[in-house]
Each structure stands twice: as structure tokens, then as C-alpha cells.
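Input: a single structure, listed below in C-alpha cells.
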Number of protein chains: 2
Amino acid sequence: MIRVVLAEDQAMVRGALAALLSMEPDLEVVGETGRGDDVVSLARERQADIVLLDIEMPGLDGLQAATKVHAELPGCRAIILTTFGRPGYLQRAMAAGATGFLLKDAPASDLAAAIRRVAAGGVVVDPALAAQALSEGLSPLTARECEVLKAAAGGASIADLARSLHLSEGTVRNHLSSAIQKLGVRNRTEAVQVAEAKGWLSPAPSGRAPAGGTMGPGERGTADP
Amino acid sequence: MIRVVLAEDQAMVRGALAALLSMEPDLEVVGETGRGDDVVSLARERQADIVLLDIEMPGLDGLQAATKVHAELPGCRAIILTTFGRPGYLQRAMAAGATGFLLKDAPASDLAAAIRRVAAGGVVVDPALAAQALSEGLSPLTARECEVLKAAAGGASIADLARSLHLSEGTVRNHLSSAIQKLGVRNRTEAVQVAEAKGWLSPAPSGRAPAGGTMGPGERGTADP
DNA sequence: TTTCGGGCATGACAGACGTCATACCCGGAC
DNA sequence: GTCCGGGTATGACGTCTGTCATGCCCGAAA
């Protein structure tokens, strides 16, 4: 009997997936949650073999949750189940230690099959998406450029961005300009769309967490002119 | 026995919903499709009592499909099942003759309950969303403003928009400026986001189809200066 | 019939945006 | 130890964007 925990933020979809899996005699849904931040405790408590993770979730996204599951629960495998076939998502899922990556576009029958294969020690990835992810390579954006782009996605002005990121307006302009050139587009709006489509935006793109920053904002040589 | 047709573009979600409904003794899923444009024929052929429609679908969106179901199949009721609780969606769903409007955020048990209530002649709407929709009123955007905004969503420049819409650049600027002011925002990016969040963007917002336009683009008094 | 709202256009203007050259500071690579 | 990439900053420049005033054409409402 394979023990499965479901993490998916849309309650109706979560319930429907549970119903789908309950029809399989060798699978058992032993836990459900709509948040990413209690996946680990739930999976541990219920001794799950498999956790099925959506990416968009409150609390902690599915990729981060997969990282924690991989680190803290040795006997438990994570499968990402997502709406978006973005190359960057697949890359980060694999980097996070996920053992499977499934699209909601796939036939319903694939789900149980994927769970069984992963439970048996295999890996499940869509070959076409894998090829695309490999051919496109990693994000060319630096962590900072990515941050600025993310902050710009809401339509904020340069001045707004400078305030919210504690940077000078010129620096914001520089990062945006750099991102725009790297992505081969003509303005920040296109840059946001391209980066989003490739899955290069959501969480931290690369490098470790930018906790405090290497240097306080403002205190530097010629600051405060 | 209530006969249900499912229209939802994500195959896995569709299958999962079918599994969910198959557990109800008084419901029967008699047809499934991932496209909006064969909902009517499928529902007619299978003599459905209820069609469950996602909004985002290829071919024909759920709102348009609901319109056709309402017009062509007197004995059949449409329920919209969507991810987004956008006021404009609810308004258009009701205008399209839908008899129910459900969010995928709602508990799984609500689905069967909603189907039963609608089959029994009732109407199912989330009261909070209905209140919001009523309080916000209809879209303040004219059909043209909406079109321009939609076209601008991809990050195109004014010149691009003018070309693709067969308008002068000045006119495009005027429409954008007007939309920006009506929505109370500061630039086109924010305007797109606000309009999208309220559900004012997707299909035709109001008025009839802008087939040829009232006047050819360019042929007018002082055209071609 | 006159009025009014909507679509379209033009021209002018201020402010926002994107680019570029330049410079300093840091840390890692060679 | 030097070089180089990344982050930050400044100033200058040209272009794009958003606003406004103004005008014309149309159809519907008053």
C-alpha cells in the first residue's frame, strides 16, 4: 500500500484528486493540505511514501516544500504536479530533489502510474519538457536582476522600485536595462512576461538567500550626494 | 439520476472531477471534453441535465459556451466552475444564462451539492462574490479601450499597437490614457492588471462584435496628412 | 434638431524610461 | 596579487509614454 499526501491549494481540485486516487486499490491518501508549510510535518506524521505537490501554494511553494521533504524525510519522495510546463520549474524541481514532475494537462491515468513508478524507485519526467529545459539552459539573470524584475511586474515606477528595494533609481534602471538586454526584449513588460513564461521569476533564481545583503543600503563611499 | 457533462481543459483535473462525481449515487458523468466548442453538441447528444464549464478553455471559453447552451438546449443548465473569483466573470456568467457559479477554492463537497441544487431548479452563487460584483458595477471601459488594453497586455509599444489595431499612434495613446484614468492607475501595466483582476478583459466586454468597425481605418476627412 | 457620448485624429509638452560611459567596492578565480 | 563579474551609484542623452486641448464624424437620445 503506497501512502500518499496531497498538497494542493484549490480545495475542490484537491478533493477531486483524492477521489481519483481512492479508486486505486494500491494507493491510499493519508493526508491532505492546502498549504506548503505544513507538508513536512504532515508527511512525517502520516509516514507518507509520496507527497504530491502543487507549485502555487500559500505558505511555502511546492518547490520549496520539495526541498524540505527531500532534506528532512529520507524515505519520502516528492512529485510536483503543476499547471505550467515552464522549463525553469522543472529545473528547480529537480534541483530541489523532486523525483517526479507532472503536468495537470496529462491524462488522469498518468497520475497513479507516476506515483507507482516513483514509489518503485523510478523518476517521472515529461521527455519533451525535459528536452526543452535542457536546451534553454539556466536563467541568465542574476539574483538582483530577478528581484528587480519581480518587483517591476506589478507596474511600479522606477521610483517605487527604488524605494521598495532600497536602491538608487539609477541602479534600478541599470538592473532593468541589463535584464531587458539579456532576455532580448524591448521593455520591462516584455521582460517580465518572458521571464515568467520560462519560470525564472517565482522564488530565488540561484545563489543563496539575500537575507540582509552584503552591504547596507546607502552606506558607501559617495552616498548621499 | 442527474446527467452531467464536464468541460475542463486540464485533463487531469477533468478526470479527477469525474472520479469525484462518480462517487455520488445520484449523479452520472455522461460526457467529458477539454474544449469549449463541442460542449453543445456533446450535451445534446448525451442529453445532459447539467454542464459543468471551466472558463479557460480552447475553442470557446466557458462563458461563451454557457451562452450557447442556454440558447440551444432549453432543458440543460450551465454551471461555471472557475479558479478566479473575478466579479466580471460572475456578471458575464449570469448574463450568459448560467445557473451556477462555483470557485475551485470551494470545498469538494460543494460541487455535488451545487449540481443537485441547480438540477432542482435553484441557482448557486457565492454570496460574497455576488455582493462584490454588484458593488463594483460594470466595466467603465468602452469596447475600444478594452481592446487596446488587451493588446497592450503583451508589452507592445504604442507603434506596435497602432499597427496591429489599424489606428493612429495618437489614438492609441488617447485610448490608453482614457483607460488609465478610468481605472485610477498610473500606467498601462497597472491598468492591465486591474482590468484583468476584475475580469474586464477576456472576451468582448460589452456592446456587439466589432466586426468591420463603423468606419474603415484611415479613410476619413483629414486622413493621410 | 440639437445634444451628447464614443471613435478617431493631430500637435505639443512634461515626465518616465532605457541606454551608455564611468567609477567604486567586494569576493572569488587564476 | 591581479583580474573579473556582480552590486551599487552618477550623470547625460534620446526616446517612449501619458496628458491635454482641439477638432471632425457618426449614431442615438432628448
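Throughout, a chain's letter reflects where its sequence line sits, starting with A, and its residues are numbered from 1. Predicted model only: the values in this text are computed from it and were never measured.
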key: B:T142 vs C:dG5: side-chain N/O to OP1/OP2 distance below 4.0 Å   = no

inquiry  = With no hydrogens and no angle check, just 3.5 Å: does a side-chain donor-acceptor pair link A:D160 and A:S157?
reply    = yes

query = Separation of A:R173 atom CZ from C:dT22 atom C1', in whole Å?
reply = 15 Å

key: Side-chain N or O of B:R188 closer than 4.0 Å to phosphate OP1/OP2 of D:dT17   = yes

request  = For A:D160 and C:dC17, give me the distance from atom CG to atom P, rounded to whole Å.
outcome  = 8 Å

key: A:A153 backbone acceptor or donor facing B:Q193 side chain under 3.5 Å   = yes

query = If you check the A:Q181 side chain, which of D:dT8, C:dC20, D:dG18 turns out closest?
reply = C:dC20

message = Give the residues of residues 151-159 of chain B touching DNA chain D, defined as any heavy atom closer than 4.0 Å, sorted by residue number.
response = B:S157, B:I158

ask   = Rounding to a whole Å, what distance do you find between A:K182:NZ and D:dG5:P?
value = 11 Å

key: Selection from D:dT19, D:dG7, C:dA9 that lies nearest to any side-chain heavy atom of A:H175   = D:dG7

ask   = Between the base of D:dC20 and the side chain of B:N174, is there a donor-acceptor distance below 3.5 Å?
value = yes

query = Under a 4.5 Å cut-off applied to non-hydrogen side-chain atoms, are B:V51 and B:C76 in contact?
reply = yes

ask   = Does a nitrogen or oxygen in the side chain of B:R144 sit under 4.0 Å from OP1 or OP2 of C:dC8?
value = yes

inquiry  = I want to check something: taking the side chain as every heavy atom from C-beta on, are B:P140 and B:L183 in contact at a cut-off of under 4.5 Å?
reply    = yes

task = Please check the phosphate of D:dT19 (OP1 and OP2 only) for any side-chain N or O of B:S177 closer than 4.0 Å.
result = yes

query = How close or far is atom C1' of C:dA16 from atom CG of B:N187, stated in whole angstroms?
reply = 10 Å

query = Just how far, in rounded Å, is P of D:dG7 from CD of A:E147?
reply = 9 Å

query = Atom CG of A:L176 to atom C1' of D:dA9: distance rounded to whole Å?
reply = 15 Å

query = Looking at D:dT8, C:dT10, D:dG18, which one has an atom nearest to any side-chain atom of B:S168?
reply = C:dT10

ask   = Is A:R44 salt-bridged to A:E72, cutoff N-O under 4.0 Å?
value = yes

query = Taking atom P of C:dA12 as reference, at what distance in whole Å does atom CD of B:E169 sit?
reply = 15 Å

query = Among B:D54, B:D126, B:D110, which one satisfies salt bridge (Lys or Arg N to Asp or Glu O under 4.0 Å) with B:K104?
reply = B:D54

ask   = Is the shortest side-chain N to carboxylate O distance from B:K150 to B:E147 below 4.0 Å?
value = no

task = Take atom CG of A:L161 and atom P of D:dG7, then tell me their distance rounded to the nearest Å.
result = 16 Å

